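This report concerns only the one structure given below.
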Protein chains: 2
Amino acid sequence: MTAETTPAPTGAAPTAPVGAARTRLANETWEAVLTAYSHLMREFAEEDIWSDASMREYDVLYTLSKCDGPQRLSELGRHVLLSQPGLSRLVDRLVDRGLVSRCADPADARASHLSLTAAGRDVQRRIGRVHGRSVAQAMTDALTDDELAQLRTLASKLSPVTPGAPS
Amino acid sequence: MTAETTPAPTGAAPTAPVGAARTRLANETWEAVLTAYSHLMREFAEEDIWSDASMREYDVLYTLSKCDGPQRLSELGRHVLLSQPGLSRLVDRLVDRGLVSRCADPADARASHLSLTAAGRDVQRRIGRVHGRSVAQAMTDALTDDELAQLRTLASKLSPVTPGAPS
DNA sequence: TCCGATTATATGCAGATGCATGTAATCAAC
DNA sequence: GTTGATTACATGCATCTGCATATAATCGGA
């Protein structure tokens, strides 16, 4: 699922991997992350809660709900794995459906401020409550509290400028 | 990006999280995983190696390359995050481009056996070599060897019937 | 053996997505 | 304050994707 690495470590594995072994470890790790992501996403997709908003749309609603003020499209784009035009049209749909409001930025006429409407906040919360339970269920079924905290810390290190887990 | 949980732990956090705190930890962890996934996928998408096969197509080529014999579509589907019709058509394209061969299953006329052609194996290897280096780069830049091994183990636990990391 | 249930894959169709590009506003330097 | 570069976002168009459904084969009994 990930990449092509050297078939196998040549000799006995040293305590600290070097060269090819290090590359192999890194790739195995990424593949494990991909597999976990894939498996969990399927599980979550099966929840019967995505009628008002698709998972991607929910992602945007959630991101907006976590932000203090209104956000610009480009800011949202940093948090959502979608092309700029893709996000633009996704937001269009959310605006059409009355879940998001778009108002002009007084300071910059190119940009527009996006924020949740009451309905949007409502949908986000309704989905979030149920989805949050599923997430917790899946994660705590598989990992202990210590492991969860470890994973949170490790995953955080994979993203740039991370505020970091309190841990 | 993930879900809605209780605003904050009410009292002092106990050594082992319970109830709401546990749910909160699980959700924070999942969000960290999503963020890491999102960030790294973007980084990898920017590599200039996806002209012969898209990332999803590569995923299929890679999966096929890791399997001993030919695979059926439904088997591939277990490893690829894509609907069955979506995968069916993706494979169509790969067959049309001569990267994958589809031959009838003698034992089951409903199924068909999928395997890499020489060209397909070639493309997979060429992409995999470069991509594997990028993956290794990104992962080892962010994590130590110990951390990589830990993450591999933790991520493996999030998928079912995992062979498990040798640890 | 025949029939309903299940499994494996394909297809029609509507909608979503990405790439290339367009439009408009801001910025930077002269 | 003009001009070229950059930034923010939108749109045309081809392609990809998912949902519902179709088709075909296999399986499990009666």
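The structure displayed is predicted, hence computed values, not measured ones.
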| Looking only at N and O atoms, is any donor in the side chain of B:Q84 or the base of C:dA10 less than 3.5 Å from an acceptor on the other one? |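 Yes, the side chain and the base share a sub-3.5 Å donor-acceptor pair.
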| query | Any N or O donor-acceptor pair linking the side chain of A:R93 to the base of C:dG15 at under 3.5 Å? | reply |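 Not at all, since no donor on one side and acceptor on the other fall under 3.5 Å apart.
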Enter the distance from [X]:[atom1] to [Y]:[atom2] here, rounded to the nearest 0.5 Å.
{"X": "A:S38", "Y": "B:Y37", "atom1": "OG", "atom2": "OH", "answer": "8.0 Å"}
{"X": "B:R102", "Y": "B:D96", "atom1": "CZ", "atom2": "CG", "answer": "8.5 Å"}
{"X": "A:Q71", "Y": "A:H79", "atom1": "CD", "atom2": "NE2", "answer": "7.0 Å"}
{"X": "A:H39", "Y": "A:L34", "atom1": "NE2", "atom2": "CG", "answer": "14.5 Å"}

| Looking at B:S112, does any N or O in its side chain come under 4.0 Å of the phosphate oxygens OP1/OP2 on C:dA8? | no
| query | Do the side-chain N or O atoms of A:S83 get closer than 4.0 angstrom to the phosphate oxygens (OP1, OP2) of C:dT17? | reply |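 No, A:S83 has no side-chain N/O under 4.0 Å of OP1/OP2 on C:dT17.
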Residues in side chain to side chain donor-acceptor pair (under 3.5 Å) with [X], at least two apart?
{"X": "A:R110", "value": "A:D108"}
{"X": "A:T117", "value": "none"}
{"X": "A:R93", "value": "A:E57"}
{"X": "B:S134", "value": "B:E47"}

| message | At a heavy-atom distance below 4.0 Å, which nucleotide of DNA chain D is the first touched by chain B, and which is the last? | response |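 In short, chain B contacts DNA chain D from D:dC16 to D:dT26.
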Residues forming a side chain to side chain contact (heavy atoms under 4.5 Å, CB included) with [X], sequence neighbours excluded:
{"X": "B:S88", "value": "B:L73, B:Q84"}
{"X": "B:R56", "value": "B:S54, B:L82, B:L90"}
{"X": "B:E147", "value": "A:L154, A:K157, B:L143, B:T144"}

N/O to N/O distances under 3.5 Å, protein versus nucleotides 2-7 of chain C:
{"unit_1": "C:dT7", "atom_1": "O2", "unit_2": "B:R110", "atom_2": "NH1", "d": "2.6"}

| query | Heavy-atom distance under 4.5 Å between the side chains of A:D122 and A:L116, does that happen here? | reply |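 Of all side-chain heavy-atom pairs linking A:L116 with A:D122, none is under 4.5 Å.
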| request: Strictly below 4.0 Å, heavy-atom distances to any atom of DNA chain D: list the hits from residues 40-57 of chain A, or just say none. | output: none
| remark: Assign each of B:L73 and B:R89 the nucleotide of DNA chain C bearing its closest heavy atom; nearer the 5' end lies the nucleotide of B:L73
| Helical bend (five base pairs per end, nearest 10°) for the helix from C:dT1-D:dA30 to C:dC30-D:dG1 |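 Here the local axes at opposite ends form an angle of 30°.
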What is the distance, rounded to the nearest whole Å, between atom [atom1] of [X] and atom [atom2] of [N]?
{"X": "A:L81", "N": "C:dA16", "atom1": "CG", "atom2": "P", "value": "18 Å"}
{"X": "B:D92", "N": "C:dT11", "atom1": "CG", "atom2": "P", "value": "7 Å"}
{"X": "A:L90", "N": "C:dG15", "atom1": "CG", "atom2": "P", "value": "15 Å"}

| Judged by modelled atom types alone, do A:Q150 and A:D146 share a side-chain donor-acceptor pair under 3.5 Å? | no
| task | Compare the minimum distances between each of C:dA10, C:dT26, C:dT9 and the side chain of A:A109, then state the nucleotide with the smallest one. | result |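 Closest nucleotide to the A:A109 side chain: C:dT26.
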| Among all residues two or more places apart in sequence or in another chain, which pass the ring pair (Phe, Tyr, Trp, His ring centres under 6.0 Å) test with A:F44? |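 In terms of ring pair (Phe, Tyr, Trp, His ring centres under 6.0 Å), with neighbours along the sequence ignored, A:F44 is linked to A:H131, B:W30.
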